[in-house]
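Note: hydrogens, waters and symmetry copies are ignored here, and every other heavy atom, side chains too, is used.
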Amino acid sequence: MAFNGTEGEIVTLSEAAEWTANYRETIPAGGIKGHFFGKDLLNEILDQSECMGIRIYYGLEDDGTKNLVLVGAKADEDDMEDGVILERSVKCPPNCGQSNQLNS
């Protein structure tokens with residue numbers, strides 16, 4: 001399979017809310033529920049030549065904090081290791097916004 005930029009699927013709010021609720025049931029109180037990345041840095045990855053999308057890896061910092069590592073991926077499914085790699089997200093909590101179906 002080669003990437004063409006259309007991978008993934010749009011889901012309903014109901015589906016997403018169910019999945020995030022399932023996850024929240026598995027984490028301790030105060031555990032990380034989500035991550036925020038600004039559009040400028042996401043676009044910096046997507047605007048790279050040959051980039052077909054973003055691959056997201058799960059990571060674990062030295063202190064045990066869960067994180068996400070974002071890297072561009074090319075049509076041949078290879079990571080763009082020499083390109084922009086993103087982490088240091090804004091974590092929820094504490095930055096969760098108003099309570100809603102996805103975060104409460």
Do Ile45 and Phe37 sit in one hydrophobic cluster, given that two such residues count as connected whenever their side-chain heavy atoms are within less than 4.5 Å of each other, even indirectly?
yes

Please identify each residue that fulfils side chain to side chain donor-acceptor pair (under 3.5 Å) with Asn22, with sequence neighbours left out.
none

With side chains defined as the heavy atoms from C-beta onward, is the minimum distance between Ile56 and Ile54 less than 4.5 Å?
yes

Could you go through residues 82-97 and list every donor-acceptor pair under 3.5 Å that involves a side-chain atom there, pairing it with any protein atom two or more places apart or in another chain?
from, atom 1, to, atom 2, distance (Å)
Ser89, OG, His35, ND1, 2.7

When hydrophobic residues are tied together by side-chain contacts of less than 4.5 Å, even through go-betweens, does Leu70 share a cluster with Met80?
no

Test item: Arg24 side-chain N/O and Gly31 main-chain N/O as donor-acceptor pair under 3.5 Å
no

Distance-only donor-acceptor hits, side chain of residues 58-65, under 3.5 Å, sequence neighbours excluded:
from, atom 1, to, atom 2, distance (Å)
Glu61, OE2, Asn67, ND2, 3.4
Asp63, OD1, Thr65, N, 2.9
Asp63, OD1, Thr65, OG1, 2.7
Asp63, OD2, Thr65, OG1, 3.3

Under the side chain to side chain donor-acceptor pair (under 3.5 Å) test, which residues partner Asp79, sequence neighbours left out?
Arg55, Tyr57

Taking CZ in Phe36 as the centre, count heavy atoms belonging to other residues, nucleotides or ligands within less than 6.0 Å. Is the count above 12?
no

For Lys33, check side chain to side chain donor-acceptor pair (under 3.5 Å) against everything at least two apart and list the hits.
none

Looking only at atom types and distance, does a side-chain atom of Ser104 sit under 3.5 Å from a main-chain N or O of Ser99, one as donor and one as acceptor?
no

Applied to residues 36-54, the side-chain hydrogen bond (donor to acceptor under 3.5 Å, both in side chains) test, sequence neighbours excluded, yields none

Measure the spacing between CD of Glu18 and CG of Leu13 and express it to the nearest 0.5 Å.
11.5 Å

Are Asn103 and Thr20 side-chain neighbours, meaning at least one heavy-atom pair lies under 4.5 Å?
no

So, for Cys51 and Gly72, which heavy atoms are closest and what is the spacing to 0.1 Å?
SG-CA, 3.9 Å

